[in-house]
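Beneath this line is the structure, given in structure tokens, with notes to follow.
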There are 2 protein chains.
Amino acid sequence: MAARARIEDVATAAGVSIKTVSRVLNREPNVRPQTRERVMQAAQALRYTPHVSARSLAGNRSFNIALLYNNPSDNYMMGVISGVLSACAHEHYHMILCPAPLQEDEVLECVDELMARSRPDGLLLTPPLTDSPVLLNRLDELEVPFAMISPKLRDQHVGVAMDEPLAAEQMVEHLAGLGHKRIAHILGHPAHGASGWRLAGYRRGMARAGLAQDPALEVPGEFSFESGVAAAKVLLDREDRPTAIFAANDDMAAGVIHVAYERGLRVPQDLSVCGFDDTPMSRQLFPALTTIHQPTDEMGRMATLALLGYMRDQTCTGIRCVPHTLIVRRSTGPAP
Amino acid sequence: MAARARIEDVATAAGVSIKTVSRVLNREPNVRPQTRERVMQAAQALRYTPHVSARSLAGNRSFNIALLYNNPSDNYMMGVISGVLSACAHEHYHMILCPAPLQEDEVLECVDELMARSRPDGLLLTPPLTDSPVLLNRLDELEVPFAMISPKLRDQHVGVAMDEPLAAEQMVEHLAGLGHKRIAHILGHPAHGASGWRLAGYRRGMARAGLAQDPALEVPGEFSFESGVAAAKVLLDREDRPTAIFAANDDMAAGVIHVAYERGLRVPQDLSVCGFDDTPMSRQLFPALTTIHQPTDEMGRMATLALLGYMRDQTCTGIRCVPHTLIVRRSTGPAP
DNA sequence: CTGTTAGCGCTTTCAA
DNA sequence: TTGAAAGCGCTAACAG
């Protein structure tokens, strides 16, 4: 492997000083277009790539952003990760992955260690870390810029989110359109902001469809398959059982289908089931699940761009909205 | 945030030169135990953490290892990633994620760019990149150390793998033990080494159980749900259809269950189905899938340690074996 | 618009 | 066993 070109080599080749090369490479102003062009060509000819560590050391920034997560869904995380990576590549940043524990106080240790070791220039938070006041306070103390994906509270923050209430409302509308009257909702984990938003959308949808708001139709869950199983048992044990169950995510919907089959109910003939997230599994269940598509990679990408924008200019705040899609598959059908 | 301690501060606090501190921190020899102790305490008191970029620049290594992947399974990748991260944290390395395209020639560009930008000290390959001669040649040219996870060929390489043939053989043994005679196998993607190993195990299992080797029972697939659906249709359309189908992964097994249900077959009463990988989905299908557990995180961890070991000492080669587990769930039962 | 100078915090010679 | 000095490749501040 040939020795790597340094900035000095480019400067010599272009007949300018290294400072000028630096300016061109960093898109700084005050370079004559002609000079700029000459430098660019020299750099290209030498296949010059700046040395990240040198840049980082001299410029006092790491060019790293850290993605902090404790979300157990592999599909969700890989989606976000690809989005973050594509935005990072584009902006010549690196992504550091930082798995965090579930315990709030342990998260702090984890963050401190991250900051000490990797010195990221910014952080990206995924739910439910987005909703931990303890963590957010610490980050403010550290004065490190951060952006969030689907935070519970959207004021004075930077990041992205879906219109979750609207999505949930549309799901209820879909079910009501199929003639369902008794539509149940299995809630997500209470610590996740999404659970509240989805519940709100469910209620709004029921109201809009003119359906009775029965508290007995709102059953707690925690986003896990097992919690879906437990909730489904509660719902299906009732005499006046619902004809449709809207679970706050796909894993819980899978649990509902399990219970339905165990009791000899057919889906969707006897019971319509739907979820939220459009995980790959939702297509592979039988029957394939009606659900809401969440564009996780786009969310990762936009959150990264929002973070980088905010790092440059602290006035660039706000939660950008990404579009969702209702995916109708075979698990929902006309009310019996 | 208080200014960060530098090596000089530690040196002053311990009353030694910075070189001595450096020696202690890098576990180099030639330091009196007493001095070493003093330095350690000073470092701890000042909460000193070496500056990665400075170390990297001066030492001419990045302390990065890159995980190269184009495997579409999110669960597989997240498993490997957590293993890699835990090993990296332990060894004070960083992981760079490098998603690669499926096309072989495009992979090369991707690697070149990775090397130019991140200058990783070593690479980790996941299947099917492990089986791309073009890529392996390029890495040899670049003289960058690399380790592999589940490579097809295991000679003169460093990395980890499962005993896939044994696992597949045990699955067949399980089915044969339930009285099945006509056991079909849906193969994985031909470009993946795993497909060959699993097929070999299937055949060995059939032979050991004294069952007829019928080529008609070996149907091609490519690890996708859709390919599982297609293969299942072929198998279940036959007059003398198999009583058990062993798919080379869980996604294809999910496809088999779909087709079975569409034809009114019950699983496992009419047809036993099993997969491979133990993805989270395998528990959530109905009925829950009998499968082989692949310890992806342990594989990531061990591959990383193997890579780091090899980077230190090029004679540390060899493919380490990780244990698998047969997980019997509800999708396999007595032959009808 | 362009160049010069002085570091960033560490490791690596080499000398003591 | 220890230390002094010289850079690693780049950016920042200031001077032209």
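To find a chain, count down the sequence lines: A is the first, B the second, and so on, and within it residues start at 1.
An OP1 or OP2 oxygen of D:dT2 is reached within less than 4.0 angstrom by a side-chain nitrogen or oxygen of B:Arg32. Neither OP1 nor OP2 of D:dC10 sits under 4.0 Å from any side-chain N or O of A:Ser53. An OP1 or OP2 oxygen of C:dT2 is reached within less than 4.0 angstrom by no side-chain nitrogen or oxygen of A:Thr20. The side chain of A:Ser22 contributes no N or O atom lying less than 4.0 Å from OP1 or OP2 of D:dC10. A close approach under 4.0 Å does not occur between any side-chain nitrogen or oxygen of B:Thr35 and OP1 or OP2 of D:dT1. The shortest distance between the side-chain N/O atoms of A:Asn26 and the OP1/OP2 oxygens of D:dT11 is below 4.0 Å.
In this model, no side-chain donor or acceptor of A:Arg4 finds a partner on the base of D:dG9 within 3.5 Å. Between the side chain of A:Lys19 and the base of D:dA12, at least one donor-acceptor pair of N or O atoms lies under 3.5 Å.
Atom CD of A:Gln156 is surrounded by 12 or fewer heavy atoms from other residues, nucleotides or ligands within 6.0 Å. B:Glu8 CD: 12 or fewer foreign heavy atoms inside a 6.0 Å radius.
To the nearest angstrom, P of C:dC1 lies 10 Å from CZ of A:Arg36. Between the CD atom of A:Glu8 and the P atom of C:dT5 there is a distance of 14 Å, rounded to whole Å. One can place CD1 of B:Ile18 at 9 Å from P of C:dT11, the figure rounded to the nearest angstrom. In this structure, B:Arg23 places its CZ atom 8 Å from P of D:dT2, rounding to the nearest Å. Atom pair B:Leu25:CG and C:dC10:C1' shows a separation of 11 Å (rounding to whole Å applied). The nearest whole Å value for the distance from the CZ atom in A:Arg6 to the P atom in D:dG7 is 12 Å. Across the protein-nucleic acid pair, B:Asn60 atom CG and D:dC8 atom P stand 11 Å apart, rounded to whole Å. Following rounding to the nearest Å, B:Arg55 (CZ) and D:dG7 (C1') show an atom-to-atom distance of 18 Å.
The side chain of B:Ala54 lies closest to C:dC10, out of C:dC10, D:dC10, C:dG3. In the set C:dC8, C:dT11, D:dC10, C:dC8 carries the atom at the smallest distance from any side-chain atom of A:Leu57. Side chain of B:Glu28, nearest nucleotide from C:dT12, D:dT11, C:dT11: C:dT12. Here the nucleotide nearest the side chain of B:Ser17, chosen from D:dG3, C:dT11, D:dG9, is D:dG3. Checking D:dC10, C:dG9, C:dC10 against every side-chain atom of A:Tyr48, the shortest atom distance belongs to D:dC10.
Distance check, rounded to the nearest 0.5 Å: CG of A:Asp313 to CG of A:Leu308 gives 13.0 Å.
Nucleic acid contact for B:Asn30: base, since at least one base atom lies under 4.0 Å from a heavy atom of the residue.
Proximity of a side-chain donor or acceptor of B:Ser118 to a complementary backbone N or O of B:Met115 within less than 3.5 Å is not detected. B:Ser82 places a side-chain N or O within donor-acceptor distance of the main-chain N or O of B:Met78, the cut-off being under 3.5 Å. A side-chain donor-acceptor contact under 3.5 Å links B:Ser62 to the backbone of B:Arg119.
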